[in-house]
Amino acid sequence: MKYFWSIIFMVVSLSIMTSVASAEEVTIQPKVSKFDTKELFDEKKEFNDQELIVKFTSGTSSNQRKTILNLVNAKEVDQLEMGDFSFVKVPNGSDLESLSKILLKNKQVLFVEPNYEVKSTYVPKEPSYKKQWYLNKIQLPKAWDKTRGSSNITVAVIDGGVQKDHPDLKGKIVSPYNAVTGNSYYTPNEHATHVAGIIAASFNKKGIAGIAPNVKIMPINVFDWQGASAFNVAVALDYAVDHHADVVNMSLGSEGYSYLLDSYIQYARANGIVLVAAAGNSDSYIPMYPAALNGVIGVSATDNNDRITSFSNYGNYIDLAAPGLSIYSTISGSSYDYMSGTSMAAPVVAGVAALVLSKNPFLSPSQVESILTRSTTDLGNRGWDSFYGYGRIDAYKAVSKTPAPISKLTAPTTYNMTGTNKAAFSITAASSTKVSLYLQTTRGKTVRTIFSNKASSGRGINASWDGKTSSGAYVASGTYKLLAKVSNSKGTIYKSLMIKVVNNVRPAIVVSSNYFFSPKVSGKLIIPYQLTLKGKVTAVITDNKGKTILKILSNKFLSSGKKSIVWNGKDSRGHMIKDGTYYLIMSPADSRNRKGKTKKVQIKVDTARPSAKVTLSSTLFKMNTKNTATAKLSLNETSNVLVNVVNDKGTVIKKLISKQSQPGTISISWNGKNDKNQLAAEGKYRYSIQLKDVAGNITKMNSSLFSLQDWRIPAIQSSKDFNFITKGTKTFTYTLTKPGNVSIDIYKGTNLVKTIEKDVYKAAGKQSFMWDGTDTALNQVVDGDYQFRINVVDKYRLSQTFTGNVHVRLTNIQISYPDVVKFTTYSGSKVYYKLSQAANVTIEIFNAWDGKVRTIKQNEPVSTGIQYFSWDGQDDYGYDEYDDTYFYVITAQNAYGQKASIKGQMTKDGNPSWLESHSVEFPMTSDQTHNGQMQLTIQTTQDVKAILHVYNYEDGTELDKNEYMIKSGENKIVYTKPNSDYLYYLVEYQDLLGNAYWYYINEYDF
């Protein structure tokens, strides 16, 4: 019987008392120095992270305010003339303290502070908010000032069916699933809908307020009409992992430990899911599972006076307590109601866990649990106790103690860039994340990636910036944004700082230092360079003695970026210069004539082509897969060397060398294969050589011809075994690796049976021969194993022989069998048969309507000779058969593919075909009594054995037993009785295979 898990904890409807919380007093902060930004922007204080209040000096115009605010990409939204205060908006993710430091360096800015929150706490405008006493109890309104949850966080509700279109849940349901049926359809359930509403009911001015109103709900139904099982909950956990849930709430349980459930709990936790479960409603210390499993936050229930409820379980598995009495929430039917139970307390904790993850999605389950247990209101005995665990959950304390995903991001507020100094950056982000840092303009265009996807261990990561863009140019003076990106599989967080950059870098030229140039080859030399800043550039060509031979640029004002110098190899008079060493001298200066570093580029002019000599080691290449054709190439200067093997028509056969080589001797070696790794054909070949020096001068040359001869030992490839099982002519295929004269013979051991071919020339490739299965005298060979031998001899007298096997099996497999055997209900039959050859045998039993009843053997190996099988009269399912007639089919197939099949009958009354007749009589005396003898007359078509059993009566004692050999034809047996009583006889016949047939004789019938 299926084991069903216990159903959802009992839901107790109790009355609820509500009270209106008085507003907290607003305390105005004492005056703080305008430079004390650390105190002003203390994270413990509550303020909007995208707003600032800036006080300007009296008389600062709107254009002046705009210019100043543009330094930090901020915008003035409103302004109070009394006091010159401006309400300012900054980009999302900005570091307010850093922006304030930049603004305060301006003399027209007197004071900068956050836009502090001065209301007591956020109170949602949900009509039934006052019925939710537990929200104020756990300080949720203050927690909502920090976060109301993120749509990137999903809480899986493993329970009954959540109403997907409930007004307070509509639009936040993702990946609904029914673990019982395997689809997304289920019947909405009051309990599950109540749990989902506690966690995430929307702020939509309808109904109630959820603890984390912006998170998503993943409803997973595990209940059918009989209840829920551990298996269904395991399926639900597996689904939650696969669909990336962040928190799982389980307001269900059983007193029975399940290894299956424990395994999937650990699997879910290992995949980063925070697991919360209700402790149970039995007022008992007996553990409830899954709440009592390792890795699950077990939750007990408290009332509005912070006392343990009368129904809540307790014990060593309680981790936290939460309100669970008279909890007002959503129910199916688009309605609302009160419910009580630890089923209601668990989603309170799950919702707070979702808020914690919304603030920092990079936290591990153990980190979230630590934050929750360190953020409680301690109840009962000090510290942990078995009723309240570590205390009653407090949402505000939990989100306040949740560390920011990016806990530190530092950079200089001003970077005076000189070209030799760097700006130092530091970031501390959550562990197990990937961190990237970018330098951007105030409009968000990335000018430099500082680093990308660097693994964070939770410690600080340091980096620096040299002031250059990705292209290597220095940025212009201005305000830039340092953007930090932190991400993992759970999400991505950004944070930024503003940096004022002052460019004090003089223009510089970035250029390679050496060039080789052949005017005859390229016509002109193009030398690329980069000017780091706009400025004036002078460029001249000098000889190796420093004499200027050509002015290319003279104090020409150029923008920054990539440029190039072009020289055609001529001097100022238009004459082509001689080979030798020359220099390009480049000098930059800025607009104030401050000189940058002069660059000197060496140019070697070379118009002479490289030279070489190639020497063959031999003009004959006897290719045998081991030898190689070799040559030596003597090179006079550094060059790119290309060596190819070409045939006598100039076609490239193999590319051998493509590399730059120093002056000296280069070894050339060829193994006789082409570019497709195939052996080249016999013929004439040479080495084609091209030399290209560093200046681009090219020399082409060829070696003398050499001959390639194929001295490989010829090889023969063929199948090792062939089967000859039908009379006629059979074709045998083989492949030659090279041409030659072929001889083919058929042998039986060492005896030659037939010569098929003798010294017949065959080309390389696929070939074949035929044999009709006869010997030299054209007589058909007998069955047995033969050998074919293929011998090939090439033109160099190199030879090879291949020997294969021919299995001649022209005689088909034979099955000797009884056409009829006896069949007895409950006993079945035993059948003897004989195989002429070893074979794989299948034996099947069929009824009179050709329906298969039983498979006795299925393709099993059986030896030559007499064999037997037994059938117990049952079918494949173990049920008895009761018909009078059945058939057995034996199918045998040997190793060569020959097949034979026979069909015999199994019957209760049938006679074998060889038993033509048998009769019995008891001779009478004169007084009409039996004379003491029994006479049997038997007519058969084959020799058999007869056994006569004599009993005093049916099922009585055996009195006598005699055996007789029955010859083919008519046989008479006279048996003398042991006494004068009327007796009972059994005549048993056995055929030559061993099959038995029996007949009963009751003397009283005669």
Interatomic spacing from CE in Met770 to CD1 in Ile756 - rounded to 0.5 Å: 9.5 Å

Trp871 backbone acceptor or donor facing Tyr888 side chain under 3.5 Å: no

Verdict with reasoning, Asn847 to Asp883, per side chain to side chain donor-acceptor pair (under 3.5 Å): CA-CA 8 Å; Asn847 60 26; Asp883 292 336; 5.3 Å; no

Residues Asn294, Gln266; criterion side chain to side chain contact (heavy atoms under 4.5 Å, CB included); working and verdict: CA-CA 8 Å; Asn294 289 334; Gln266 304 315 316; 4.2 Å; yes

Main-chain N/O of Asn995 paired with Asp991 side-chain donor or acceptor, under 3.5 Å: yes

Partner set under side-chain contact (heavy atoms from CB on, under 4.5 Å) for Tyr868, not counting sequence neighbours: Lys830, Tyr832, Ser870

Separation of Thr737 OG1 from Ile716 CD1 (nearest 0.5 Å): 8.5 Å

Separation of Arg809 CZ from Asn723 CG (nearest 0.5 Å): 8.5 Å

Whether over 12 other heavy atoms sit under 6.0 Å from Tyr264 OH: no

Qualifying residues under ring-ring contact (aromatic ring centres under 6.0 Å, His included), relative to Tyr239, sequence neighbours excluded: Tyr177, His243

Listed once per pair and sorted, the side-chain hydrogen bond (donor to acceptor under 3.5 Å, both in side chains) pairs that draw on residues 872-881, sequence neighbours left out: Arg854-Asp872, Gln874-Asp880, Glu881-Tyr886

Derivation and outcome, side chain to side chain donor-acceptor pair (under 3.5 Å), residues Tyr975 and Asp960: CA-CA 11 Å; Tyr975 172 72; Asp960 198 3; 2.8 Å; yes

All side-chain contact (heavy atoms from CB on, under 4.5 Å) counterparts of Glu970, not counting sequence neighbours: Thr937, Gln939, Lys972

Donor-acceptor pair, side chain of Thr929 and main chain of Thr925, under 3.5 angstrom: no

Donor + acceptor pair across side chains of Tyr786, Asn805 (<3.5 Å): no

Gln928 side chain vs Met924 backbone, donor-acceptor pair below 3.5 Å: no

Mutual orientation of the aromatic rings belonging to His807 and Tyr896 [parallel < 30°, tilted 30-60°, perpendicular > 60°]: tilted

Test ring-ring contact (aromatic ring centres under 6.0 Å, His included) applied to His244 - qualifying residues, sequence neighbours left out: none

4.5 Å side-chain heavy-atom contact, Asn189 and Ile331: no

Chi angles and distances behind the side chain to side chain donor-acceptor pair (under 3.5 Å) call for His191, Ser343: CA-CA 8 Å; His191 184 277; Ser343 283; 2.9 Å; yes

From CA spacing to verdict: side chain to side chain contact (heavy atoms under 4.5 Å, CB included), Phe922, Tyr982: CA-CA 10 Å; Phe922 292 91; Tyr982 279 24; over 6 Å; no

With Ile947 via side-chain contact (heavy atoms from CB on, under 4.5 Å) - residues at least two apart: Lys945, His949, Lys961, Glu963, Glu988, Gln990

Test item: Ser836 side-chain N/O and Gln814 main-chain N/O as donor-acceptor pair under 3.5 Å: yes

Backbone N/O of Leu835 and side chain of Thr864: donor-acceptor pair under 3.5 Å: no

Cation-pi geometry met for Lys762 and Tyr734 (6.0 Å, 45°): no

Pairs touching residues 906-931 that satisfy salt bridge (charged side-chain N to carboxylate O under 4.0 Å, His left out), sequence neighbours left out: Asp884-Lys908

Gap between atom CZ of Phe724 and atom CG of Asp783 - 0.5 Å precision: 11.0 Å

Side chain to side chain contact (heavy atoms under 4.5 Å, CB included) evaluation trace for Thr729 with Trp771: CA-CA 6 Å; Thr729 300; Trp771 181 40; over 6 Å; no

Partner set under ring-ring contact (aromatic ring centres under 6.0 Å, His included) for Phe722, not counting sequence neighbours: Phe732, Phe788

Donor-acceptor pair, side chain of Thr940 and main chain of Ile966, under 3.5 angstrom: no

Greater than 12 external heavy atoms within 6.0 Å of Lys720's NZ: yes

Could you tabulate the donor-acceptor pairs under 3.5 Å formed by side-chain atoms of residues 839-846, not counting sequence neighbours?
from: Thr842; atom 1: OG1; to: Asn859; atom 2: N; distance (Å): 2.9

Asn249 and Ser251: side chain donor to acceptor below 3.5 Å: yes

Minimum-distance pair of heavy atoms, taken over all atoms of Ala277 and Val296: CB-CG1, 3.6 Å

Ser913: side-chain contact (heavy atoms from CB on, under 4.5 Å) partners, not counting sequence neighbours: Asp819

Heavy-atom closest contact (Gln800 atom, Ala715 atom, distance): CG-CA, 4.4 Å

From Gln767 atom CD to Glu757 atom CD, the distance as rounded to the nearest 0.5 Å: 8.5 Å

Side chain Asn971, main chain Gly969, donor-acceptor under 3.5 Å: yes

Within 6.0 angstrom of Lys834 NZ, more than 12 heavy atoms from elsewhere: no

N/O donor to acceptor pairs below 3.5 angstrom from side-chain atoms of residues 996-1004, sequence neighbours left out:
from: Tyr997; atom 1: OH; to: Val820; atom 2: O; distance (Å): 2.4
from: Tyr999; atom 1: OH; to: Asn911; atom 2: OD1; distance (Å): 2.6
from: Asn1002; atom 1: OD1; to: Tyr1004; atom 2: N; distance (Å): 3.2
from: Glu1003; atom 1: OE1; to: Lys977; atom 2: NZ; distance (Å): 3.3
from: Glu1003; atom 1: OE1; to: Leu983; atom 2: N; distance (Å): 2.8
from: Glu1003; atom 1: OE1; to: Tyr985; atom 2: OH; distance (Å): 3.1
from: Glu1003; atom 1: OE2; to: His930; atom 2: ND1; distance (Å): 2.6
from: Glu1003; atom 1: OE2; to: Lys977; atom 2: NZ; distance (Å): 2.7

Val944 vs Trp914, side chain to side chain contact (heavy atoms under 4.5 Å, CB included): CA-CA, chis, key distance, verdict: CA-CA 9 Å; Val944 297; Trp914 49 261; 3.6 Å; yes

Donor-acceptor under 3.5 Å (Thr776 side chain, Val753 main chain): yes

Asp943 and Ser968: side chain donor to acceptor below 3.5 Å: no

Asp262 side chain vs Ser258 backbone, donor-acceptor pair below 3.5 Å: no

Pairing residues for Tyr984 by the side-chain hydrogen bond (donor to acceptor under 3.5 Å, both in side chains) criterion, not counting sequence neighbours: none

Value rounded to 0.5 Å, distance of CZ in Phe769 from OG in Ser743: 12.0 Å

